[in-house]
**Student:** 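First the structure, then my questions, so here it is.
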Amino acid sequence: MSEQFFKLGFSNLDKELSAVPLKTKGQIPTWLNGTLFRNGPAKFTANDNSSWHTHWFDGLAMLHKFSFYEGNVLYSNRYLRSNAYYSTLENGQFNIGFGSKGGTKIKNANNTNINVTILDDRFVALAESPAIIEFNPVNLETVEVFNFDDSLGGQLTTAHPHYDLQTKRYINFTTEFGQAHQYHLYSVAAHRRKRELIASVPTDRPAYMHSFANTENYAIITEFPLVIDPRDMGNEHKALIENFTWKPDQGTLFRVVRKSDGVILKSFEAEAFFSFHHVNAFEINGGLILDICALEDDRTVNHLQVSNLKGETGEPIFVQLRRYTVKFNSQNVSYEVLSPESIDLPTIHYSRYSGRSYRYMYGISTNRHHYENYPNQLVKADVQKGTTTIWRQDGCYPGEALFVQRPNATNEDDGVILSVIMDGHNSHSFLLVLDAQTFEELGRADVVNHIPFGFHGMFTGEQYM
Ligand code: CO
C-alpha cells in the first residue's frame, strides 16, 4: 500500500469562500462560459479531536461553485444550513443518518449532500430522504426547504432524477413502506412543483436503490436484493443501511414501466448484483440495453465508512462496467463487460444522449497497477469499441467527470471534461479541464484549500454573479 495521499479528501473543510479568482495554468477554453455547481460532504468530525464513526454519505453538505468566463475561473463554497448542520454544531456530534453510528436521530433530517438540480426554476440540493433544500445560485446561501405541491407519499427517494429529453419533464420515484410497499414513479414539468404519478409499482422486497434508468418510452427500476425490513425503519438507534439485508438468492429484478400509460411489464431477472449508478439505457428491437456500474454484492456500502476509507488496509473494490440486455420475450437477463477498468460516478453527454444509443461514458476509476483505497484516475470508455482512455497523475484523486459540449459541436465527445481533483502531494484541490476527445489536459485552476471528496454536480451555461 502506498502512502495514502488521498486521506486529506476525507478531512473537514471549514473555510467558506466567496467568488475568489483562481490561478490558472494552461488554457481554459474561452468558449467555456457558465457555472459548475457541485455538492458533497465536507465535515466528517464534529470537532478536530472527535472520532465519530461517520459514513462518507453522512458528512455535512457543502456546495461548491466554479464560475467560468473568458478563460477565468472564480470559486465559492458554502455549507448548507440544514437542520443536520445546526444540530451537529450545537451538539458536537453527528446525527444517525445513512450509515453513521453513535449520534442521535433527528426528525426530518435534511443533510442533502448528494446532488444538485433545478426544480420549478429553483436550484436545489438533493439526497435520498424526500427532503430537498433550495439554495441561492449567486451566493450559495441556503434559502428554504423545497416542498412539492402534492401529497405523494414515500420515505425514500433517489438523488438522481432524470430529465426526460422527449417530454422535458423530470422523472424520479419514491419508495413507500406500508401495508403494501410501492415505488411511486412520477414526473414533474420543468416549471412546476406538482408531481404527476406515472405508476405505483408494488413490491414485496423493497430495496435500497441509488439511481434508476430512463429510455425514450420506459423507466426501469433495477431492484437489487439489498432488501429493507420496513419494521426497522423507525428504530431510533439504527442508521438507514443497518436496515438492509443482502439476499442474493432473490436475484436482481428489472421492473420496467411504460411511461405513456403506466403499464408495468413483467419482471426480468438477473443474477444478484448491486450498483449505485446506472450509466445510460436505451431501446433496441424487442428489448432494452442498460449500462450499469455493477458490484458483486453490497459490501461496498459499509466499506464507505470514513474510518475504512482512511484505513491502511482495504480490500480492493472493483466496479464493473456491465451491459445488461433485457429481451421482452425472455424472463432472464444476461450481461457483457464493457471495460477492463473499474469505473464509477459515470457520466455521459446527457443532454443529447440520455435514453438513447451512445458511444462514450466517463468516470472515476482505481488504477489496476497502482491500487489505492480511493479512485486515482479518470477514464473515458468507448462502449461501442470497448476501448478505455485514462488520465492519471501521481497522488491525485478525481471527482465526478462532467462533460460540457463545445458550442455547435456535432461529435458526441466534442467538448471538455470538468473534474475537481484532490492533489494529495500538494495538499490542495484543482479544477481540471480535459479535452474530452483526446482526454489530454487543456488547463487547470488551483484552489488554495483542499475540497473534500464529493458526489455529483451540474454545469449550466448561465452566469450567476
Ligand atoms: Co450518486
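Ligands are counted one by one from 1 in listed order, and the atoms in each one are counted from 1 as well.
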**Student:** To the closest 0.5 Å, what do you measure between CD (Glu128) and CZ (Phe98)?
**Tutor:**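 One finds 6.0 Å between CD of Glu128 and CZ of Phe98.
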
**Student:** Which atom name does His210 have for its N/O/S atom nearest to the Co ion (ligand 1)?
**Tutor:**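 Going through the N, O and S atoms of His210 one by one, NE2 ends up nearest to the Co ion (ligand 1).
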
**Student:** Among the N, O or S atoms that His160 has, which is closest to the Co ion (ligand 1)?
**Tutor:**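 When I compare the N, O and S atoms of His160, NE2 is nearest to the Co ion (ligand 1).
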
**Student:** Just one of Arg352, Arg356, Glu216 clears the side chain to side chain contact (heavy atoms under 4.5 Å, CB included) bar with Leu165, so which one?
**Tutor:**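 When side chain to side chain contact (heavy atoms under 4.5 Å, CB included) is applied between Leu165 and each of Arg352, Arg356, Glu216, only Arg356 qualifies.
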
**Student:** Apply salt bridge (charged side-chain N to carboxylate O under 4.0 Å, His left out) to Glu141 and list each qualifying residue two or more places apart in sequence or on a separate chain.
**Tutor:**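 Residues passing salt bridge (charged side-chain N to carboxylate O under 4.0 Å, His left out) with Glu141: none at all.
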
**Student:** When you measure from the Co ion (ligand 1) to each N, O or S atom of His456, which atom gives the shortest distance?
**Tutor:**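 The His456 atom nearest to the Co ion (ligand 1), restricting to N, O or S, is NE2.
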
**Student:** So Phe455 and Asn39, side chain to side chain contact (heavy atoms under 4.5 Å, CB included) or not? Walk me through it.
**Tutor:** CA-CA 6 Å; Phe455 302 120; Asn39 195 352; over 6 Å; no

